[in-house]
**Q** 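Quick one: the structure is below, questions incoming.
Start at 1 with the first residue, then count along the sequence.
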Amino acid sequence: SDWFDINFFKGFASSPSKIKEQLNEQKYKIDDERLSSRLLNHWYKTGIIDDDRPNNKGWKKFSISELVWIQIVFKLRKFGFDLNRIKLVKNHIDVYNKLDESSNCLLLDFYIVVAIHSSIPIKLIVFESGQADIVRQVDIDIANQMQMITEDFIVIDLNKMLNNFFTKKDIR
């Protein structure tokens with residue numbers, strides 16, 4: 001949509017931003033019993049999470065963007081997604097990463113900022129095929145009205161996830 005082109009390509013992606021740095025600064029430890037070191041290592045090996053530790057060893061601190069992605073992975077697992085389908089989702093939302101090397105996931109960062117600083121409902125939609133995108137609710141509504149969506153999909157409400165995420169003490 002024009003809204004996305006203007007705000008993402010001509011704004012967020014093309015300009016240096018302190019908020020992008022803040023979202024990608026690796027300074028948080030995870031205090032979540034669901035995420036063991038064994039599980040993290042498995043996710044590193046399968047490419048669910050990028051392993052940027054020196055020699056792939058030691059403890060890792062995470063950025064806000066990575067922590068949000070981990071919450072998305074937990075949600076997708078609850079929906080029954082296997083790691084191969086989650087990897088497909090990751091590949092779809094990582095599509096713009098080459099535009100800004102400082103961001104772990106430029107599209108996710110953009111929509112985190114939109115969700116935090118506005119009342120626009122933001123959704124991650126994942127289709128049966130594994131194709132995924134992050135969009136505004138209005139984009140889903142328009143696509144449904146125009147009958148452009150032909151397969152079933154699940155929706156993860158990023159606004160709700162972010163509200164829960166920032167009120168919990170799962171990060172230190």
Side-chain angles (χ1 to χ4, degrees), residues 1-32 34-35 37 39-41 43-44 46-76 86-126 131-140 155-172:
S1 72
D2 290 341
W3 178 90
F4 179 77
D5 291 346
I6 292 167
N7 290 288
F8 181 77
F9 290 115
K10 294 181 181 175
F12 189 79
S14 64
S15 64
S17 169
K18 185 127 178 106
I19 190 81
K20 282 191 265 187
E21 290 175 24
Q22 291 171 338
L23 289 172
N24 288 280
E25 184 181 354
Q26 295 177 326
K27 64 180 185 175
Y28 301 99
K29 294 179 183 177
I30 296 181
D31 187 17
D32 189 328
R34 298 175 296 175
L35 196 62
S37 59
L39 180 60
L40 267 177
N41 284 327
W43 285 2
Y44 292 144
T46 56
I48 300 300
I49 300 175
D50 296 328
D51 190 359
D52 54 7
R53 299 172 300 164
N55 300 319
N56 300 334
K57 294 181 181 182
W59 294 103
K60 176 172 171 53
K61 289 190 177 182
F62 295 90
S63 67
I64 291 172
S65 184
E66 289 172 315
L67 293 173
V68 170
W69 170 246
I70 288 168
Q71 295 305 311
I72 290 170
V73 172
F74 282 137
K75 286 267 189 206
L76 293 172
I86 293 173
K87 181 73 170 143
L88 282 174
V89 170
K90 184 177 187 330
N91 290 342
H92 282 283
I93 66 170
D94 281 351
V95 70
Y96 299 112
N97 287 0
K98 295 217 185 305
L99 297 175
D100 188 335
E101 298 288 327
S102 68
S103 178
N104 290 322
C105 183
L106 191 61
L107 187 64
L108 181 58
D109 288 350
F110 170 69
Y111 279 112
I112 289 171
V113 171
V114 171
I116 290 171
H117 293 290
S118 74
S119 60
I120 298 171
I122 304 299
K123 314 295 182 178
L124 168 66
I125 58 172
V126 183
Q131 185 174 349
D133 202 357
I134 306 172
V135 295
R136 300 173 302 163
Q137 179 65 51
V138 67
D139 297 321
I140 298 170
V155 175
I156 297 174
D157 185 331
L158 284 183
N159 301 76
K160 185 176 178 180
M161 178 184 288
L162 289 167
N163 285 337
N164 291 337
F165 179 76
F166 285 113
T167 58
K168 282 186 170 184
K169 298 201 178 200
D170 287 348
I171 58 175
R172 293 187 258 142

**Q** With sequence neighbours left out, write down each residue that passes salt bridge (Lys or Arg N to Asp or Glu O under 4.0 Å) with Lys123, or none if nothing qualifies.
**A**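 Lys123: salt bridge (Lys or Arg N to Asp or Glu O under 4.0 Å) contacts with Asp157.
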**Q** So, Asp100 side chain and Ser14 main chain: donor-acceptor pair closer than 3.5 Å or not?
**A**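 Not confirmed, Asp100 side chain does not pair with Ser14 backbone.
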**Q** Got a salt bridge between Lys60 and Glu66, using NZ or NE/NH1/NH2 to carboxylate O under 4.0 Å?
**A**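 Salt bridge present between Lys60 and Glu66.
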**Q** Would you mind writing out the side-chain donor-acceptor pairs for residues 5-12 within the sub-3.5 Å range, not counting sequence neighbours?
**A**
{"from": "Asn7", "atom 1": "ND2", "to": "Trp3", "atom 2": "O", "distance (Å)": "2.8"}

**Q** Taking it one step at a time, do Asn159 and Ile120 satisfy side-chain contact (heavy atoms from CB on, under 4.5 Å)?
**A** CA-CA 8 Å; Asn159 301 76; Ile120 298 171; 6.0 Å; no
**Q** Say you draw a straight line from CG of Asn91 to CD of Gln131; how long is it, rounded to the nearest 0.5 Å?
**A**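 Here the interatomic distance stands at 12.0 Å.
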**Q** For the pair Ile122 and Phe110, evaluate side-chain contact (heavy atoms from CB on, under 4.5 Å) and give the outcome as yes or no after the intermediate values.
**A** CA-CA 11 Å; Ile122 304 299; Phe110 170 69; over 6 Å; no
**Q** Decide side-chain contact (heavy atoms from CB on, under 4.5 Å) for Leu158 and Ile112; before the verdict, give the C-alpha distance in whole Å, the side-chain angles of both, and the deciding distance to 0.1 Å.
**A** CA-CA 8 Å; Leu158 284 183; Ile112 289 171; 5.9 Å; no
**Q** Please report the interatomic distance CD1(Ile116) to CD1(Ile19), rounded to the nearest 0.5 Å.
**A**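 Separation between the atoms: 6.5 Å.
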**Q** Looking at every heavy atom in both Asn97 and Cys105, which two are closest together, and how far apart are they?
**A**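 That would be OD1-CA, 3.3 Å.
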**Q** Rounded to the nearest 0.5 Å, how far apart are CD1 of Ile86 and CZ of Phe74?
**A**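 Reported to 0.5 Å precision, the distance equals 10.0 Å.
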**Q** Any side-chain heavy-atom pair from Phe4 and Val135 closer than 4.5 angstrom?
**A**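 Heavy-atom side-chain distance check fails, nothing below 4.5 Å.
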**Q** How far does NZ of Lys160 sit from CG of Asn163, to the nearest 0.5 angstrom?
**A**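 These two atoms lie 10.0 Å from each other.
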**Q** Can you pull the side-chain hydrogen bond (donor to acceptor under 3.5 Å, both in side chains) pairs that have at least one residue in residues 103-116, sequence neighbours excluded?
**A**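 Every side-chain hydrogen bond (donor to acceptor under 3.5 Å, both in side chains) pair that includes a residue of residues 103-116, provided the two are not neighbours, is Asn24-Asn104, Asn24-Asp109, Ser63-Asn104, Ser65-Asp109, Ser103-Asp109.
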**Q** Would you say Met161 and Ile156 make side-chain contact, with heavy atoms under 4.5 Å?
**A**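 Counting from C-beta outward, Met161 and Ile156 do come under 4.5 Å.
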**Q** With Val126, which of Leu88, Leu76, Val155 fulfils side-chain contact (heavy atoms from CB on, under 4.5 Å)?
**A**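 Exactly one candidate clears the test, Leu76.
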**Q** Taking the side chain as C-beta and beyond, is there a heavy-atom pair between Asp51 and Asn41 under 4.5 Å?
**A**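 Sidechains of Asn41 and Asp51: no contact.
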**Q** Taking only residues two or more places apart in sequence or in another chain, which ones pass ring pair (Phe, Tyr, Trp, His ring centres under 6.0 Å) with Tyr44?
**A**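 With neighbours one apart ignored, the set is empty.
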**Q** What's the separation between atom NE2 in His92 and atom CG in Leu107, rounded to the nearest 0.5 Å?
**A**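 So the NE2 of His92 and the CG of Leu107 are separated by 12.0 Å.
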**Q** For Ile70 versus Ile30, what's the shortest heavy-atom pair and its separation?
**A**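 Distance-wise, the nearest heavy atoms are CD1-CD1, 3.6 Å.
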**Q** Name all residues meeting the salt bridge (Lys or Arg N to Asp or Glu O under 4.0 Å) criterion together with Lys90; count only those two or more places apart in sequence or in a different chain, and write none if there are none.
**A**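 For Lys90, the residues satisfying salt bridge (Lys or Arg N to Asp or Glu O under 4.0 Å) (neighbours in sequence not counted) are Asp50, Asp94.
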**Q** For Asp133, enumerate each residue passing the salt bridge (Lys or Arg N to Asp or Glu O under 4.0 Å) test, keeping only those at least two apart in sequence or located in another chain.
**A**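 Per chain and number, Asp133 pairs via salt bridge (Lys or Arg N to Asp or Glu O under 4.0 Å) with no residue.
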**Q** How many angstroms lie between OH in Tyr28 and CD1 in Ile64, if you round to the nearest 0.5 Å?
**A**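 So the gap between those two atoms works out to 3.5 Å.
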**Q** Assess whether side chain to side chain donor-acceptor pair (under 3.5 Å) is satisfied between Gln26 and Asp52, documenting all intermediate values.
**A** CA-CA 10 Å; Gln26 295 177 326; Asp52 54 7; 2.7 Å; yes
**Q** Decide if atom NZ of Lys75 counts as having more than 12 heavy atoms of other residues, nucleotides or ligands within a radius under 6.0 Å.
**A**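 No, NZ of Lys75 has 12 or fewer neighbouring heavy atoms, counting only those of other groups under 6.0 Å.
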